[in-house]
Amino acid sequence: MNVLLLGSGAREHAIAWKLSQSPKLTNLFVAPGNPGTASLATNLPIDADDFDEIVRVCKQRRIDLAVVGSEDPIAAGLVDRLTVEGIAAFGPTKDAAQIESSKVFAKELMSRHGIPTAPFGIFDHESEARAYIDAAEGSLVVKADGLARGKGVIVTDSKESAQDAVTRIMRDRAFGAAGDRVVIEQRLFGPEVSAHAFTDGKTVAHMPFSCDHKPIFDGDEGPNTGGMGAYSPPGWLDPAGEARVRSEVTETAIKAMFDEGRPYKGVLYPGVLCDSSGLMVLEFNCRFGDPEAQVLFPRLESDLLEALWAVANNTLAGVDLRWSDHACVGVVLASGGYPGSYETGLPIDGLEDLDPDVIVFHAGTAEGDDGRLVTAGGRVLTVSALGPDLEAARNKAYANVERIRFDGMHYRRDIGARAVGTTAAGT
Ligand code: GLY
């Protein structure tokens, strides 16, 4: 099978890494890819928003399956366009992707179908949003309705900061039309899990649970990032909690989408807060999490290409996915200054000194003029390691992280630390 994978992050490197192990794979192309994917596949210099060029290349290279990694091209209708052109694609349609691309749609879907989520209001007008904030009790989260490159969800801790968020989104139009409407919801506190599942619209194949660490500094201090590391499984979530998330959130949402005439195909990734008082959905995502993908695919023992093909062709019921009992920890190495401004072009050393069973997924890397690998983004690499338990996986990941060097390199030292020794769940 010839496969075209769209994207350039560590998530796409992880997908490419797993696809490249498939006996069903003939040729793998990644567009635009990164130096990591170049070692496994042929990188093609195509922008994910150039749908005409993507279709042309799919036809020229006889692509059997296109896999779309990130939310923007999915929300803009790339899967719909590929389908019209007769090219099988992994990912939801534009209508189905509204579960991520419209916060208003997601909240209303949850309300209609009894999926637990924080109390909220939806506002088209600044004055109404401000009145809601004035009357609210407790802290709030202000969300731009549309996609805003991960920056449109503003977590606030006072009425003043919530009002500032409304000013930013609705008056200053920091995210353009994505902020024409806002959702304002009660802020929730507690541990979060990422609950990925494959689905062809009817059949659901749950993946193991995983957890991201979004703030830049240890102890969850500092501003949020795209994700500074992940681990799987979260042993603190017991099997009953896992079963509830799977049934009350993931399966309910997929059935709801089907019943409402917009069947959802691809990967559904709900972010769910779980604690002793129950569960609450924070968001739905229409693609794999990053860095969650970097700890999920090392645990996948089955053929990823077979699963993606089955999703695209409505045959997921015939696929049995096996996952390793081992734990996986992925530590993101970031440029100094990220998520603010940072320098690029800095040589990366030490990758040749790593243990052979540790996997390094590239994101913001490039080949420098002299052929050396250099930094080229905020999140540079994810170092992923498996172990018989979380502690062993953590030790292995960090022992290898310490052998990698670039000027200003920053990483969290507590990825998975709080979950070590919590072994209630096995998935
Ligand atoms: N792990 C956060 C995200 O992928 O959105």
Side-chain angles (χ1 to χ4, degrees), residues 5-15 48 67-75 91-92 97-103 106 141 143-144 146-155 175 178 188 190-198 207-216 220 222-234 237 245 249-250 253 266-274 281-299 328-334 338-339 361-364 377-384 411-412 414-416 419:
L5 168 64
L6 293 147
S8 62
R11 167 183 54 202
E12 285 75 26
H13 187 183
I15 297 169
V67 181
V68 192
S70 68
E71 64 274 21
D72 284 314
I74 293 173
Q98 279 208 303
I99 201 162
E100 175 168 1
S101 66
S102 169
K103 304 289 178 272
V141 178
K143 298 178 170 179
L147 292 177
R149 302 201 168 273
K151 298 197 164 80
V153 174
I154 304 179
V155 179
F175 311 118
L188 304 171
E192 272 180 61
V193 288
S194 302
H196 294 69
F198 293 110
M207 297 181 222
F209 287 77
S210 53
C211 293
D212 183 9
H213 294 63
K214 292 199 177 89
I216 183 77
D220 288 342
N224 272 351
T225 67
M228 291 300 293
Y231 63 94
S232 175
L237 183 61
V245 172
V249 178
T250 311
V267 54
L268 185 65
Y269 147 31
V272 187
L273 190 145
C274 301
V281 177
L282 302 172
E283 63 184 7
F284 285 101
N285 299 289
C286 66
R287 34 84 198 173
F288 294 103
D290 182 344
E292 289 92 330
Q294 294 94 293
V295 297
L296 288 174
F297 293 126
R299 295 190 63 198
C328 190
V329 170
V331 180
V332 170
L333 310 186
Y338 173 79
F361 297 118
H362 291 229
R379 289 190 295 170
V380 177
L381 300 165
T382 305
V383 178
S384 292
Y411 61 92
R412 280 183 62 157
D414 63 348
I415 303 302

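Whatever order the structure lists ligands and atoms in, that order sets their numbers, starting from 1. From a predicted model like this one, the values you see are computed outputs, not experimental measurements.
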(request) Check side-chain hydrogen bond (donor to acceptor under 3.5 Å, both in side chains) between Lys103 and all other residues, then give those that pass, not counting sequence neighbours. (result) none

(request) Salt-bridge test for Arg287 and Glu100: reply yes if a basic N is under 4.0 Å from a carboxylate O, no otherwise. (result) yes

(request) Mind checking ring-ring contact (aromatic ring centres under 6.0 Å, His included) for Tyr269 and listing every partner two or more places apart, or none if nothing turns up? (result) His196

(request) Please determine if Arg412 and Asp220 form a salt bridge, counting it only when a charged side-chain N lies under 4.0 Å from a carboxylate O. (result) yes

(message) When you compare the side chain of Val295 with that of Tyr231, does any pair of heavy atoms fall below 4.5 Å?
(response) no

Using a 3.5 Å cut-off on N/O to N/O, what pairs does ligand 1 make with the protein? A line per pair would be great.
unit_1   : atom_1 : unit_2 : atom_2 : d
ligand 1 : 1 (N)  : Asp212 : OD2    : 2.7
ligand 1 : 1 (N)  : Tyr269 : OH     : 3.1
ligand 1 : 1 (N)  : Asp290 : O      : 3.3
ligand 1 : 1 (N)  : Glu292 : OE1    : 2.7
ligand 1 : 1 (N)  : Glu292 : OE2    : 3.1
ligand 1 : 4 (O)  : Arg287 : NH1    : 2.7
ligand 1 : 4 (O)  : Asp290 : N      : 3.0
ligand 1 : 5 (O)  : Arg287 : NH1    : 3.2
ligand 1 : 5 (O)  : Arg287 : NH2    : 3.0

(message) For Asp290, give me all partners under salt bridge (charged side-chain N to carboxylate O under 4.0 Å, His left out), at least two apart in sequence or on another chain.
(response) Arg379

